[in-house]
Amino acid sequence: MDLVKNSKEFTCSFDFYNKLSKIKLLALDVDGVLTDGAINMGENGELFKAFNAKDGLGISCALRNGLAIAIITGRKSPIIHNRANELGIKLLSEGVKDKYTELVRLQKELNLGRENVAYMGDDLNDLAAFRAAEIKLAPNDAVDEVKSAADYIASKNGGQGAVREVIVKILSSQGLWQGIVSAYACCGQGDKQ
């Protein structure tokens with residue numbers, strides 16, 4: 001049985017899985033969530049970001065199965081645009097100073113309630129967005145303050161499969177994951193992870 005963070009202890013929680021089953025939007029930070037948090041700079045600006053292919057495949061599966069994915073980041077980068085386009089992520093918010101307000105705006109745009117929203121962040125600038133999400137998620141290497149506020153802490157670090165881990169949990173709680181696995185066992189799905 002999976003472990004779910006409850007206060008500072010880990011316990012099994014039916015209520016948590018019930019909440020996961022209602023999630024229709026997973027919003028993600030970039031640096032430290034979709035990447036390992038390293039910002040590789042050259043004299044002309046950002047050189048590259050390393051994304052995890054397993055996270056990418058998870059995002060493709062989520063999008064194909066009705067789970068909306070949004071990126072909300074304080075930085076602006078053509079690299080983020082390229083990755084979002086490659087994966088089919090249409091909800092991309094860059095240069096965001098107030099992630100709470102942006103997540104509330106996305107909820108309204110998608111006609112969702114707070115109970116339909118999960119957010120994954122790793123650092124202090126993600127704490128405000130937690131207030132707009134029913135499920136608060138953190139990679140294993142998030143800062144302590146974020147881990148304390150999170151409902152679930154992934155076993156994997158940012159940029160190393162943490163996003164895939166939570167997508168599997170959400171889609172499993174909705175009864176979809178096993179069908180996705182079966183579809184892959186049959187034939188490829190054309191992903192660009």
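Atom set for the values below is all heavy atoms of this structure, side chains included, hydrogens, waters and symmetry mates excluded.
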Specify the closest pair of heavy atoms between [X] and [Y], including all atoms of both residues, with the distance to one decimal.
X    : Y    : value
E102 : S93  : OE2-OG, 2.6 Å
G56  : L87  : O-CD2, 3.7 Å
A150 : A138 : CB-CB, 4.0 Å
L103 : A129 : CD2-O, 3.6 Å
G32  : D141 : O-OD1, 4.4 Å
L34  : F51  : O-CD2, 3.6 Å

Count the heavy atoms belonging to other residues, nucleotides or ligands that lie under 6.0 Å from CG of N18, then report whether that count exceeds 12.
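It does: N18 CG has more than 12 such atoms within range.
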Just to verify, what does [X] make a side chain to side chain contact (heavy atoms under 4.5 Å, CB included) with, not counting sequence neighbours?
X    : answer
N85  : none
S173 : L20, S21
V104 : Y100, K108, A132
L91  : L25, A68, A70, L106, E109, L110

To the closest 0.5 Å, what do you measure between [atom1] ([X]) and [atom2] ([Y])?
X    : Y    : atom1 : atom2 : value
I23  : L137 : CD1   : CG    : 8.0 Å
D126 : M120 : CG    : CE    : 10.5 Å
L26  : K169 : CG    : NZ    : 13.5 Å
L67  : Q174 : CG    : CD    : 6.5 Å
D31  : R75  : CG    : CZ    : 5.5 Å
I170 : C61  : CD1   : SG    : 13.0 Å

Ionic contact status for D29 with K99, cut-off 4.0 Å:
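The answer is yes: the pair qualifies as a salt bridge.
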Check the orientation of Y119 and F130. Use parallel for under 30°, tilted for 30 to 60°, and perpendicular for over 60°.
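Judged by the thresholds at 30° and 60°, the geometry between Y119 and F130 is perpendicular.
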Test I180 against every option in L171, I167, L57 by the side chain to side chain contact (heavy atoms under 4.5 Å, CB included) rule and name the one that passes.
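Testing each of L171, I167, L57 against I180, the sole residue satisfying side chain to side chain contact (heavy atoms under 4.5 Å, CB included) is L171.
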Got N52 and V163 here, is their nearest side-chain heavy-atom distance under 4.5 Å?
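Of all side-chain heavy-atom pairs linking V163 with N52, none is under 4.5 Å.
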Report yes if some heavy atom in the side chain of V181 is under 4.5 Å from a heavy atom in the side chain of Q178; otherwise report no.
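Answer yes - side chains close enough.
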Which pairs pass salt bridge (Lys or Arg N to Asp or Glu O under 4.0 Å) with one or both residues in residues 112-124, sequence neighbours excluded?
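Found R114-E134.
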List for me each residue that meets side-chain hydrogen bond (donor to acceptor under 3.5 Å, both in side chains) alongside S155, sequence neighbours excluded, and say none if there are none.
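So S155 forms a side-chain hydrogen bond (donor to acceptor under 3.5 Å, both in side chains) with E165.
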Mark yes or no for whether N157, through its side chain, and Q160, through its backbone, hold a donor-acceptor pair below 3.5 Å.
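Not at all, since once roles are kept as given, no pair shorter than 3.5 Å links the two residues.
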Strictly distance-based, threshold 3.5 Å: is any side-chain N or O of K147 a donor or acceptor partner for the main-chain N or O of N140?
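The answer is yes, because a donor-acceptor pair under 3.5 Å joins these two groups.
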Quick one, N65 with W177, criterion side chain to side chain contact (heavy atoms under 4.5 Å, CB included). Give me CA distance, side-chain angles, the key distance, then yes/no.
CA-CA 9 Å; N65 286 275; W177 186 249; over 6 Å; no
